Amino acid sequence: MIEHNTQDYKRVVISLALGSFLIFCNLYYIQPILPLLSHSFSVSETKINWIFAASTLALSVCLVPWAICSESYGRRKIMLFGLFMIPLVGVMLVLGNSFYTLIISRALMGIAIAAFASVAVAYMVEELAPSAFSHAIGIYIAANSLGGVAGRVLGGTLTEWLGWKQAALYIAVLSFIGALLVVKLLPQQKQFKPQKGLFFYHNRAIVKHLANTRIWFAMLIGGANFAIFVNVYTVMGFRLVNPPHNLSIGFASLIFLCYLAGTLSSSLSGKWCKSKHPIHGIILGAIITLFGIWVAYFDTMPTMILSLLLVSLGGFFTHTLAYSWVSQNAHEAKATATALYLVHYYIGGSLGGFLLLFCWQSWAWTGVLFGGSALIAIIIFLSAALLKLNSSQQKNNYDIANVKA
C-alpha cells in the first residue's frame with residue numbers, strides 16, 4: 001500500500017487531481033455558452049438545455065457499467081480510456097454543425113467522463129493506505145470544484161474572445177495534453193485483482209450495496225446534498241438577473257467563483273477524519289449549508305455572496321465525507337459502490353432542480369428556504385440513522401470479541 005507523503009503518493013494525488021480537473025472542466029464549460037447556442041440554432045432555452053443535459057444524463061447512466069468493466073480490466077485502463085476519449089469527442093463537437101450532432105457529442109462526452117469518475121476513488125482506496133486515502137480524497141474532490149469553476153469561466157471567456165467552436169477546440173487540446181501527463185504520472189496498479197467473467201456477480205454486488213443501509217444511506221445523503229448545493233446556485237442566478245438587482249448574465253455567472261470555498265472544505269475533510277467521526281462532519285456540513293440558505297433571506301449582494309460561500313463550504317464538506325464513507329465501507333466491488341454513490345449524486349441534483357425551482361417560482365426565496373430546509377432535515381435524519389447503525393455494529397463486534405475471548 002502507498003503511504004502518505006511518499007513519492008508514489010504524490011504521483012497518485014497529482015495525476016488523479018489533474019484527471020478530475022479535466023473531466024469536470026469538460027462537463028461544465030458548455031453551460032455558460034448555452035445562451036449563444038440558443039441564438040445560433042434558433043431554439044428555445046428549454047430545448048438548448050438538452051446539450052448540457054445529454055452529458056449529465058449519459059454520465060449518470062454509464063457510471064455503473066464502467067465500474068463493472070473496471071472490476072475486470074483494471075481501474076487505470078478504464079480511467080485512461082475515458083481521458084483520451086474526451087479530446088476526441090471535443091473535436092467531434094467542433095466538427096458538428098447541427099443541433100442534434102451537438103447533443104450526440106455531449107452525450108458521448110458524458111460517457112467518457114463517467115469512465116474516469118466511476119473508478120478513480122476505487123483506485124485510491126485499493127492503492128493507498130487508509131491514512132493516505134483520507135488526505136487524497138479531499139484533494140481529489142477539491143480538484144472537482146476547481147475543474148467546474150475553471151470550465152465555466154474558461155468556456156465563457158474563450159467563447160467571448162474567439163467563438164464557441166474555437167473555445168471547444170482549445171479545451172480539447174488542453175485535455176489531450178493533460179491526459180498525456182496523467183499517463184506519465186499515474187502508477188501501475190499493484191493491489192488490484194481482476195475478476196473476469198463475473199457479470200452476474202457484479203449485478204448481485206449492486207443489489208448487495210443497495211441492501212446495505214450503511215452504504216445506501218450515505219448515497220442518499222449525497223443525492224440530497226447535491227440537490228441543495230447545485231440548485232441553490234441555479235436559483236440564485238435567476239434571483240440576481242431579476243429586479244431589483246438586474247445583473248447581466250455574464251456578471252451573474254461570476255457567482256460560481258464561490259465554488260472555490262468548497263475546495264477549502266474538501267481539503268479539510270481529511271483532517272476532520274483523523275480526530276473526529278465522519279458522520280458528525282456530515283451533520284456539521286449540512287448545518288453550515290442550512291445556515292447559508294437562511295443568510296440569503298436578506299436581499300443584499302453581501303448576504304447572497306456569503307450565502308453561496310457557506311453553501312459551498314458545507315456542501316463540499318458533506319459530499320467529501322459521504323463519498324469516502326461509501327468507499328471505505330464497501331468491502332467488495334468498491335468501484336461499483338462509488339459509482340452508485342455518484343448515480344444518486346447526479347440524480348439528486350436533477351430532482352432537486354425541479355423542487356427548488358418550483359419553490360422559487362411559487363413563493364420566491366421563502367419557498368427555497370423551506371424546500372432546502374426539508375432536504376437538510378432528510379440529511380440529518382439519515383446521518384442519525386447511520387450513527388445508530390454504526391454504534392450497533394461496533395457493539396456487536398465487541399460482544400463477538402468477548403465471546404471469542
Side-chain angles (χ1 to χ4, degrees), residues 60 63-64 121 125 134 137-138 141 144 205-232 262 265-266 268-269 272-273 276-294 310-331 333-334 336-356 359 368-397:
S60 63
L63 286 168
V64 172
V121 175
V125 170
S134 296
I137 186 64
I141 294 180
N144 293 358
I206 292 172
V207 175
K208 193 172 182 179
H209 288 322
L210 294 176
N212 184 345
T213 49
R214 283 170 56 84
I215 296 176
W216 187 50
F217 282 4
M219 293 177 183
L220 292 174
I221 287 170
N225 177 62
F226 196 51
I228 303 170
F229 168 65
V230 71
N231 294 298
V232 164
S265 64
S266 295
L268 293 174
S269 65
W272 175 275
C273 290
K276 298 177 178 63
H277 200 287
I279 302 301
H280 292 155
I282 288 173
I283 295 172
L284 174 62
I287 292 172
I288 293 172
T289 300
L290 178 64
F291 185 62
I293 298 171
W294 280 86
L310 290 171
V311 167
S312 297
L313 280 168
F316 272 97
F317 196 67
T318 295
H319 167 50
T320 306
L321 292 171
Y323 198 13
S324 59
W325 175 271
V326 169
S327 302
Q328 293 175 318
N329 284 273
H331 301 299
K334 289 180 181 293
T336 307
T338 55
L340 279 173
Y341 173 88
L342 292 174
V343 170
H344 285 72
Y345 184 71
Y346 286 109
I347 289 176
S350 300
L351 297 179
F354 291 109
L355 171 64
L356 294 188
C359 292
V368 177
L369 292 178
F370 287 101
S373 297
L375 290 170
I376 292 292
I378 292 172
I379 293 174
I380 293 175
F381 173 79
L382 291 170
S383 299
L386 273 180
L387 283 173
K388 185 176 181 180
L389 287 168
N390 193 62
S391 177
S392 297
Q393 185 179 48
Q394 289 179 342
K395 183 178 183 301
N396 290 337
N397 291 340

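Fair warning: this is a prediction, and the values are worked out from it, not measured in the lab.
The structure places CD1 of Ile287 at 13.0 Å from CG of Leu310, a figure rounded to the nearest 0.5 Å. Separation of atoms CG (Leu284) and CZ (Phe317) is listed at 6.0 Å; rounding is to 0.5 Å. In this structure, Ile380 CD1 and Leu375 CG are separated by 11.5 Å, a value rounded to the nearest 0.5 Å. Once rounded to the nearest 0.5 Å, the distance linking CG of Leu63 with CG of Leu342 reads 5.5 Å. Rounded to the nearest 0.5 angstrom, Trp325 CH2 and His277 NE2 are separated by 4.5 Å. Here Ile279 contributes atom CD1 and Ser383 contributes atom OG; the two are 6.0 Å apart, rounded to the nearest 0.5 Å.
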Full working for side-chain contact (heavy atoms from CB on, under 4.5 Å) between Ile376 and Asn225: CA-CA 8 Å; Ile376 292 292; Asn225 177 62; over 6 Å; no
Residue pair Leu389, Phe217: steps toward the side-chain contact (heavy atoms from CB on, under 4.5 Å) verdict: CA-CA 10 Å; Leu389 287 168; Phe217 282 4; 4.2 Å; yes
Step-by-step ring pair (Phe, Tyr, Trp, His ring centres under 6.0 Å) determination, Tyr345 to His319: CA-CA 9 Å; Tyr345 184 71; His319 167 50; 4.4 Å; yes
Working for side-chain contact (heavy atoms from CB on, under 4.5 Å), residues Thr289 and Phe229: CA-CA 8 Å; Thr289 300; Phe229 168 65; over 6 Å; no
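Taking every heavy atom of both residues into account, Gly222 and Tyr341 meet most closely at CA-OH, 3.4 Å. Closest approach of Val125 and Ser327 over heavy atoms only: CG2-CB, 3.5 Å. The nearest pair of heavy atoms linking Ile379 to Ala286 is CG2-CB, 3.9 Å. Counting all heavy atoms, side chain and backbone alike, Cys359 lies closest to Val368 at CB-N, 3.8 Å. Annotation for Leu386 and Arg214: closest pair CD2-O, 3.3 Å, computed over non-hydrogen atoms. The two atoms that bring Gly372 and Leu356 nearest to each other are N-CD2, 3.8 Å, heavy atoms only.
Two residues are said to be in side-chain contact when any heavy atoms from C-beta on lie closer than 4.5 Å; Ser134 and Gln328 meet this criterion. Looking at Leu387 and His280, their side chains come closer than 4.5 Å, going by heavy atoms from C-beta outward. In this structure, Leu382 and Ile282 have side chains that are not in contact, with every pair of non-hydrogen atoms separated by 4.5 Å or more. For the pair Ser373/Ile293, no side-chain contact is recorded, criterion being any heavy-atom separation below 4.5 Å from C-beta on. Proximity of Leu220 to Ile378: side-chain heavy atoms (C-beta onward) are nowhere separated by under 4.5 Å.
For the residue pair Trp216/His344, the side-chain donor-acceptor check at 3.5 Å is satisfied.
In this structure, Ser265 contributes its side chain and Leu313 its backbone to a donor-acceptor pair below 3.5 Å. The main-chain N or O of Leu321 is found under 3.5 Å from a side-chain atom of Ser324 such that the two form a donor-acceptor pair.
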